[in-house]
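One structure is given here, and the rest of the page talks about it.
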Amino acid sequence: MSAPAPASNRAAGRAAPGAPPAPVNAERLRAQERAENALLAGLTVPGMLLIAALVLAPIGWLFWLSFRNPAGFTFDHYLRLLHPSYTLTLQTTFELSFLVTAICILLGYPVAYIIAQARPRMAAVLMMLVLFPVWTSLLVRCYAWLVLLQRRGLLNTWLTDMGLIDTPLRLMHNFTGTTIGMVHIMLPFMVLPLYGSMRAISSDYMLAASSLGASPAAAFRQVFVPLSLPGLVAGTIIVFVLCLGFYVTPALLGGGRVMMWSMQIERNVNYYSDWGAASALGVVLLVMTLGIMWLVGRIIGFNRIVGAR
Amino acid sequence: MLSRPATQTQITHGRRLWLYVLVGLIMFFLIVPSLFVIPLSFSADRYLAFPPSGWSTRWYAAYLGAIEWRDATYVSFTAAFLTMIVSTVCGTLAAYGLHTARLRLMRLAYVAFMLPLIIPGILVAIGIYLLYAQFGLNSTMPGIVMAHSVMAIPLVVITVASSLKSYDMNQEMVARSLGASRPWAFLTVTLPQIRISVITGALLAFITSLDEVVISLFIAGGDMSTLTKRMFNALRDEIDPTIAAISTLLLLVSVLLLGAVRLLQRKSGRDT
């Protein structure tokens with residue numbers, strides 16, 4: 001989704017070259033247009049005020065706090081982040097985010113591919129199945145995984161009953177459980193942009209490729225995959241960025257053994273009331289998030305990332 | 001069936017059967033785990049076992065009998081309803097303003113409206129917590145509603161803006177040239193035609209508030225604890241089957257809302 005106000009609208013108020021001479025009241029018309037634009041822009045004020053007051057102002061404040069100690073200006077809060085307990089957290093956060101994103105790509109691509117090629121009615125049904133988890137409470141899904149993955153949970157019971165394993169596997173309160181839970185949450189965010197971009201690929205391209213002698217596999221690899229890249233990049237960024245700041249699933253399925261960046265922030269606020277450390281951690285997380293989005297936005301266009309959601 | 005070509009490249013359905021099986025399994029992974037909470041919620045066992053040794057509604061009774069769960073449910077649904085109203089009004093106004101105002105600034109404004117989705121939730125949460133602490137807004141209904149609205153407004157803006165893009169603004173111009181004021185033209189001409197997306201946005205706002213966890217963990221406490229906050233704490237301590245009953249009810253709400261959206265979209269598809 002790109003920014004509103006199509007170009008035709010924007011140009012309507014100005015005189016085109018070769019048009020009849022400006023009317024005598026041109027000045028008044030322009031003033032009126034300005035007034036109307038100001039009024040229309042004013043409609044965004046209530047929402048903008050809420051976002052500015054509740055999101056932008058506090059983040060500015062956190063930014064300020066991250067450079068303050070009782071004595072005044074300081075870099076201490078950032079220097080403390082170099083301590084192994086924090087760098088280890090950063091490493092875990094990136095490892096988990098990379099792993100979850102990679103699995104989401106592997107699982108999301110075939111799903112989006114099939115939905116994009118299905119007949120409209122079937123595609124609508126499949127799309128609803130993909131959207132169902134998005135509309136389901138995050139906590140309900142975490143609870144379901146806790147039930148399935150726990151030591152005497154369904155998965156372990158079944159695997160033991162079938163004789164595949166002797167002792168129950170450790171599936172939760174560790175890296176494995178967190179990964180499974182997060183992939184489950186993130187997968188729809190990969191499928192949606194991928195589907196959008198695959199849907200836009202005309203089947204004529206594939207037809208042309210095969211008429212030029214490409215095998216189905218070659219046509220897929222050389223024509224389809226490159227054309228689906230914008231969706232893939234958008235999905236990858238959305239999933240990766242969401243993973244970096246994710247809190248709920250790692251906190252529940254990780255059972256305290258998987259320490260994410262966001263959990264360090266929570267811990268510093270709730271247990272230590274250490275706002276200096278919490279805000280420094282927050283600023284680093286924000287800079288990483290915006291940095292990645294900016295980098296990719298430069299490559300494929302920012303609106304594509306936002307619009308694909 | 002299997003020997004018929006599936007795509008333009010003449011690959012047959014049979015030759016890519018593996019792909020259908022794979023996608024089927026992934027769909028299974030997406031849908032089925034959440035559904036397990038339904039049979040569990042009707043279990044008669046004290047501990048989670050599957051299949052349960054007997055059936056009962058004792059966990060529903062436990063849920064309805066516990067005053068703190070009832071209070072939390074009341075808080076959550078009140079907050080969701082109020083959030084829906086606040087964010088639908090603010091979001092629809094904003095989407096209309098962003099769409100019609102011919103200013104360069106509007107591009108930047110659109111990005112600003114998306115910020116609550118982009119900025120990590122934990123950061124928004126501690127920011128609001130810090131702010132509310134100064135104004136005594138923590139653990140108050142207005143505080144919860146404002147915070148949830150901030151998360152819901154971007155979704156309403158996205159939904160409404162996308163339908164305004166395919167709406168022919170000239171219709172409103174006609175109404176105005178016939179003497180309608182701008183607000184009247186919007187209410188009687190434009191709004192009825194974009195109503196599906198406004199309602200969709202409203203339902204999205206409702207479910208966003210109902211399911212919001214991270215911000216609520218920080219700003220909703222005591223008497224004003226939301227359902228999600230109580231559930232989160234209960235899940236961290238022990239896996240109580242009461243949660244299965246609550247989860248089943250929440251699942252039902254999700255299905256009803258998603259069904260309503262689908263129905264609306266199908267209806268709008270027929271109308272146009």
Side-chain angles (χ1 to χ4, degrees), chain A residues 1 3-5 9-10 13 37 40-41 43-44 46-48 50-51 54-55 58-59 61-62 107 110-111 114 117 128-130 132-133 135-148 154 187 203 206-207 210 216 219 245 247-248 252 262 265-266 269 278 282 285-286 289 293 306, chain B residues 7-9 11 19 22-23 26-27 30-31 33-34 36-37 48 50 90-91 93-94 96-103 106-107 109-110 114-116 120-124 126-128 130-131 146-147 149-150 153 161-162 207 211 213-214 228 231-232 235 239 243 247 250-251 254 257-258 262:
Chain A
M1 185 177 318
N9 262 2
R10 202 170 289 161
N37 271 333
L40 288 168
L43 293 174
T44 61
M48 202 60 106
L50 262 182
I51 290 174
L54 267 65
V55 178
I59 283 176
W61 193 357
L62 288 173
L107 298 183
V111 171
I114 290 294
Q117 291 189 346
M128 212 163 132
L129 291 180
V130 171
F132 171 73
W135 283 74
T136 314
S137 166
L138 188 61
L139 287 178
V140 172
R141 291 190 282 161
C142 283
Y143 174 66
W145 283 113
L146 282 172
V147 171
L148 285 170
L154 301 184
L187 192 52
S203 59
M206 296 300 278
L207 195 62
S210 77
Y247 175 74
V248 176
L252 289 177
S262 55
I265 297 178
E266 188 263 352
V269 170
L285 178 61
L286 186 67
T289 306
M293 298 201 72
V306 180
Chain B
T7 62
Q8 301 282 8
T9 42
I11 213 165
L19 192 58
L22 179 70
V23 170
I26 298 170
M27 286 295 191
L30 268 180
I31 303 295
S34 318
F36 266 111
V37 301
L48 293 165
F50 200 88
C90 290
L93 283 179
Y96 185 79
L98 290 170
H99 185 71
T100 50
R102 292 169 216 143
L103 295 173
M106 290 295 111
R107 260 182 93 83
Y110 186 81
M114 294 305 119
L115 281 178
I122 187 83
L123 202 56
V124 177
I126 63 166
I128 294 179
L130 187 64
L131 180 81
M146 282 196 293
S149 296
V150 162
I153 286 173
S162 79
I207 201 89
D211 290 346
V213 186
V214 183
T228 47
M231 280 176 76
F232 184 89
L235 284 179
I239 306 182
I243 310 269
S247 294
L250 284 178
L251 214 56
S254 305
L257 289 182
L258 183 59
R262 275 287 139 182

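Letters A, B, ... are given to chains in the order of the sequence lines, protein chains preceding strands, and every chain is numbered from 1. None of these values were measured; they are calculated from a predicted model.
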For this session: Using modelled atom types only, decide if a donor and an acceptor are shared between the side chain of A/Asn37 and the backbone of B/Arg102 within a distance under 3.5 Å.
Result: yes
Exercise. Counting distance only, does the side-chain N/O of B/Ser254 pair as donor-acceptor with the main-chain N or O of A/Trp135 below 3.5 Å?
Worked result: yes
Does any heavy atom of chain A fall under 4.5 Å from the side chain of [X], the backbone, both, or neither of them?
| X | answer |
| --- | --- |
| B/Met27 | side chain |
| B/Ile243 | both |
| B/Ile26 | side chain |
| B/Leu115 | side chain |
| B/Ile126 | both |
| B/Leu235 | both |
| B/Leu250 | side chain |

Most contacts with chain B, counted as non-hydrogen pairs under 4.5 angstrom, among [options]:
| options | value |
| --- | --- |
| A/Ala41, A/Cys142, A/Gly245 | A/Ala41 |
| A/Glu266, A/Met48, A/Arg141 | A/Met48 |
| A/Val55, A/Thr136, A/Leu138 | A/Thr136 |
| A/Ile114, A/Leu146, A/Ile265, A/Val130 | A/Ile114 |

